[in-house]
Amino acid sequence: MQFIDLAAQYQHLKTKIDTRIAAVLEHGQYIMGPEVQELEAALSDYVGVKHTITCANGTDALSLALMALDVKAGDAVFCPTFTFFASAETIAFAGATPVFVDSDEKTFNICPVDLENRIKQVIDAGELKPKVIMAVDLFGLPADYPAIKEIADKYQLKIIEDAAQGFGGEIDGKRAGSFADIATTSFFPAKPLGCYGDGGALFTDNDEYAALLQSLRVHGKGKDKYDNVRIGMNSRLDTIQAAILLEKLAAFPTELENRNRAAKNYTNDLQSQFVAPFVPEGYLSSWAQYTIQVDNREQVMQSYKEQGIPTMIYYGTCMHQQSAFEHLGHKEGDFPIAEKLAKSVLSLPMHGYLCADSVE
Ligand SMILES: *Cc1c(COP(=O)(O)O)cnc(C)c1O
């Protein structure tokens, strides 16, 4: 049994994907070919936003979003401590200061109560300028955007939605990628919507941000890429990856249903033994990970391993515990919920082709 079975997906979509790749090899427009625009239109349509700007990976997408929001040294960006490193890394890479926030006990996402407390602390300390809230749709579940939006409005902050894991998730029928001033996603192969290499995208309804992001991803281009009006990056999605994603996006709704069916079966079978994941009323998860909480993690992992069931720990180290952020001076106990999660979470096999027999 595989933790994520990318081979099963390829076997399922092989003819379509091979045909799409062959078409790119024939027309030869490897950079910014027609498939890139076709994909951006299809993604905007699916997510329900005005603009999609694809880029080289999910980390660049976050960096581009921070650049578009003019985040720089002296700015505070609030992000969960229980997340993948890239969320916090890009804030520091922009020269700004990541201000970590504890998690909600049930959803594992950024805790709105702790978020407001940390914003107040930054204002009281008077050293940093609160600028952006970077919420993460952890393991596929959208963060609590209704509450986050209220706080953002109150303190006049912008919101970035890191939907690298959240693509396909929903709140009351509205899709992940549409909840923030700028949202980002990743097409890393293991994400809910993955390509066959690196890839990423940004989503926004704002025309100015969209124009800025289109310039920033190609060396800060003006009229063309040899007219450079600002400092940007080289961060484009390869045409071949766009071609692959067009076929994967077409299959995505069915895969999302399968993931939700598998999650339901897991929960039915496991909730008497472990703390199963919680999905609030009106929310839909894309199940980037199916993550349970266990007391005796080592033993449970060992026993699953002996039965040929792979498990993974996402994440065993919070951002405030990473050596790279040692200089921020945090200590054990600063983020009690996140620290407890890091010690007890365990993710089970999950992908769009997981059948009921395998779940059992
Ligand atoms: C994977 C991931 C990223 C980064 O995406 P890459 O495409 O690997 O650069 C950012 N944030 C979160 C939460 C992720 O899971």
Side-chain angles (χ1 to χ4, degrees), residues 3-4 6 39 43 52-67 71 77-94 98 100-101 103-104 107-110 132-145 148 159-169 176-177 179-180 182-203 217 233-238 241-242 244-245 248 259 285-291 312-320 322 324-325 338 341-342 345 347 350-351:
F3 188 74
I4 295 178
L6 292 173
L39 176 69
L43 286 169
T52 298
I53 300 94
T54 53
C55 64
N57 57 68
T59 306
D60 277 6
L62 288 170
S63 285
L64 287 162
L66 291 163
M67 285 166 95
V71 169
V77 178
F78 301 85
C79 82
T81 186
F82 190 62
T83 182
F84 177 61
F85 188 64
S87 320
E89 176 186 32
T90 51
I91 297 167
F93 192 73
F100 300 129
V101 180
S103 310
D104 177 88
T107 65
F108 307 164
N109 276 326
I110 192 166
V132 171
I133 300 165
M134 184 191 284
V136 179
D137 301 338
L138 201 70
F139 304 151
L141 184 72
D144 184 354
Y145 291 100
I148 293 166
I159 306 173
I160 293 174
E161 175 187 1
D162 179 354
Q165 302 177 14
F167 190 89
F179 298 120
I182 302 177
T184 66
T185 199
S186 163
F187 302 126
F188 182 82
K191 308 283 175 170
L193 179 64
C195 58
Y196 290 157
D198 277 310
L202 298 114
F203 308 105
R217 78 170 157 181
M233 295 171 76
N234 172 19
S235 186
R236 298 164 300 219
L237 180 71
D238 291 347
Q241 299 302 344
I244 292 162
L245 281 164
K248 292 223 196 180
R259 284 172 181 272
S285 178
S286 59
W287 300 107
Q289 305 297 343
Y290 183 91
T291 303
M312 300 283 278
I313 297 172
Y314 297 115
Y315 296 93
T317 310
C318 298
M319 290 309 105
H320 71 279
Q322 294 283 3
F325 289 122
L341 292 176
V345 286
S347 300
M350 173 56 78
H351 54 86

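Whatever order the structure lists them in is the order used to number ligands and atoms, beginning at 1. Just so you know, these numbers use all the heavy atoms, side chains as well, and skip hydrogens, waters and symmetry mates.
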Parallel, tilted or perpendicular: ring planes of F179 versus Y145, cut at 30 and 60 degrees: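 Aromatic pair F179/Y145 classed parallel.
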
Which class fits the ring pair F108 and F82: parallel under 30°, tilted 30 to 60°, perpendicular over 60°?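 Taking F82 first and then F108, their aromatic rings stand perpendicular (interplane angle over 60°).
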
Sequence neighbours excluded - side chain to side chain donor-acceptor pair (under 3.5 Å) pairs with any residue from residues 56-67: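 The answer is D60-S235.
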
Per the side-chain hydrogen bond (donor to acceptor under 3.5 Å, both in side chains) rule, which among D162, T184, T81 passes with S87?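 When side-chain hydrogen bond (donor to acceptor under 3.5 Å, both in side chains) is applied between S87 and each of D162, T184, T81, only D162 qualifies.
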
Considering only N or O atoms, set out every pair between ligand 1 and the protein closer than 3.5 Å, with distances to one decimal place.
| residue | atom | partner | partner atom | Å |
| --- | --- | --- | --- | --- |
| ligand 1 | 5 (O) | S186 | OG | 3.3 |
| ligand 1 | 7 (O) | G58 | N | 2.8 |
| ligand 1 | 7 (O) | S186 | OG | 2.6 |
| ligand 1 | 9 (O) | G58 | N | 3.3 |
| ligand 1 | 9 (O) | T59 | N | 2.8 |
| ligand 1 | 9 (O) | T59 | OG1 | 2.5 |
| ligand 1 | 11 (N) | D162 | OD1 | 3.4 |
| ligand 1 | 11 (N) | D162 | OD2 | 2.7 |
| ligand 1 | 15 (O) | Q165 | NE2 | 2.8 |
| ligand 1 | 15 (O) | K191 | NZ | 2.6 |

What are the two closest heavy atoms between E161 and A180, and how far apart are they?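 Heavy atoms of E161 and A180 come nearest at N-CB, 3.4 Å.
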
Does K191 make a cation-pi contact with F84 (under 6.0 Å, within 45 degrees of the axis)?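 Verdict for F84: a cation-pi partner in K191.
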
